[in-house]
Amino acid sequence: MTTSKELTRKLTILALLSAIAYILASLIRIPLVPAVGFLGYEPKDVILVIAGFIFGPVAPLLMISVIALLEGVTTSVLGPIGIPMNFIASVSFCCTAAAIYRKWRTLLGAAVGLAVGVVVNTVVMLLWNYALTPILMGIPREQVEALLIPGFLPFNLIKGTLNASIAMVLYKPLRMALDRARLLPKSEDSPERTGEKINISALVVSALIVLTCVLVVLSWQGVI
């Protein structure tokens, strides 16, 4: 049974991670695909999916609800109309990955969860962009349809791959730091807390994937 002290500790960690995710979304916005230059990469989903790995899929769902609302009334380039799209995009990636990892708590489970999250997010956002973008942005559906394959598809694939790879790099170090600081509730200790080690090969592969995505984007933008 979760005690009030453990619940308070958990809510404190979630609030801290939510604040970090919101700050990252506010400060970092990088265009990825010229065809949809109004969309930019921001790394808040990295923090949200890590929270999901630690606390389960409900945690990022609650965090995303608050952050999407805050973004919509403060920093989103689309304003309040961007709230549903931000919510759907983050939930489809973070909650999918966290749900799989909750059932399969291994390095392979994390990798599979993140990969499936990228695929689910890409498919879901193609469908929702086709359905909602003409309504939210007031542009013809034919114009949106023409951007699905050359714009929205590569954008979501690159964004998701970056988020998944960075999450693989940061998850273990962040979780171990919270663990050593005894900030995690006891209910979150098992099964992986004791003797937990960072998998160097996973970090190297993830870092190479991130570097590859960066090079692709820079080439696409004509920087290199």
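Because the structure is predicted, anything quoted here is derived from the model rather than measured. For the single chain, residues carry numbers from 1 onward in sequence order. Heavy atoms only: backbone and side chains are in, while hydrogens, waters and symmetry mates are out.
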N/O donor-acceptor pair under 3.5 Å between S92 side chain and A89 backbone: yes
Donor-acceptor pair, side chain of N129 and main chain of M125, under 3.5 angstrom: yes
Closest heavy-atom pair and its distance - R105, F53: NH1-O, 3.5 Å
Residue pair P154 / I149: nearest heavy atoms and the distance that separates them: CD-O, 3.0 Å
Nearest heavy atoms of M168 and A110, plus distance in Å: SD-CB, 4.2 Å
Separation of R9 CZ from L178 CG (nearest 0.5 Å): 11.5 Å
Shortest non-hydrogen separation from A98 to G56 and the atoms involved: CB-C, 4.3 Å
F155 and T122: CA distance, side-chain angles, deciding distance, side chain to side chain contact (heavy atoms under 4.5 Å, CB included) verdict: CA-CA 9 Å; F155 171 81; T122 301; over 6 Å; no
Taking every non-hydrogen atom, the tightest pair across G72 and I83: CA-CG1, 3.6 Å
Test log, rule side chain to side chain contact (heavy atoms under 4.5 Å, CB included), inputs K44 and Y22: CA-CA 7 Å; K44 71 174 184 291; Y22 174 73; over 6 Å; no
Single hit among V144, L148, L147 for side chain to side chain contact (heavy atoms under 4.5 Å, CB included) with T133: V144
Test side chain to side chain contact (heavy atoms under 4.5 Å, CB included) applied to L39 and K159, step by step: CA-CA 10 Å; L39 296 178; K159 176 185 175 182; over 6 Å; no
Inter-residue atom distance I88.CD1 - L132.CG, 0.5 Å rounding: 6.0 Å
Spatial distance of atom OG (S90) from atom CG (L48) [nearest 0.5 Å]: 6.0 Å
Separation of D45 CG from I50 CD1 (nearest 0.5 Å): 11.0 Å
L11-L62 co-clustered via ILVMFWY side chain contacts under 4.5 Å: no
Side chain to side chain contact (heavy atoms under 4.5 Å, CB included) between L114 and F93, intermediate numbers included: CA-CA 8 Å; L114 290 167; F93 171 67; 3.8 Å; yes
CG-OG1 distance between L69 and T74, expressed to the nearest 0.5 angstrom: 9.0 Å
Side-chain donor or acceptor of N156 paired with backbone N/O of F152 under 3.5 Å: yes
V118 with I30, same ILVMFWY side-chain cluster at under 4.5 Å: yes
Interatomic spacing from CD1 in I13 to CD1 in I54 - rounded to 0.5 Å: 8.0 Å
Closest heavy-atom pair and its distance - A167, V49: CB-CG1, 3.6 Å
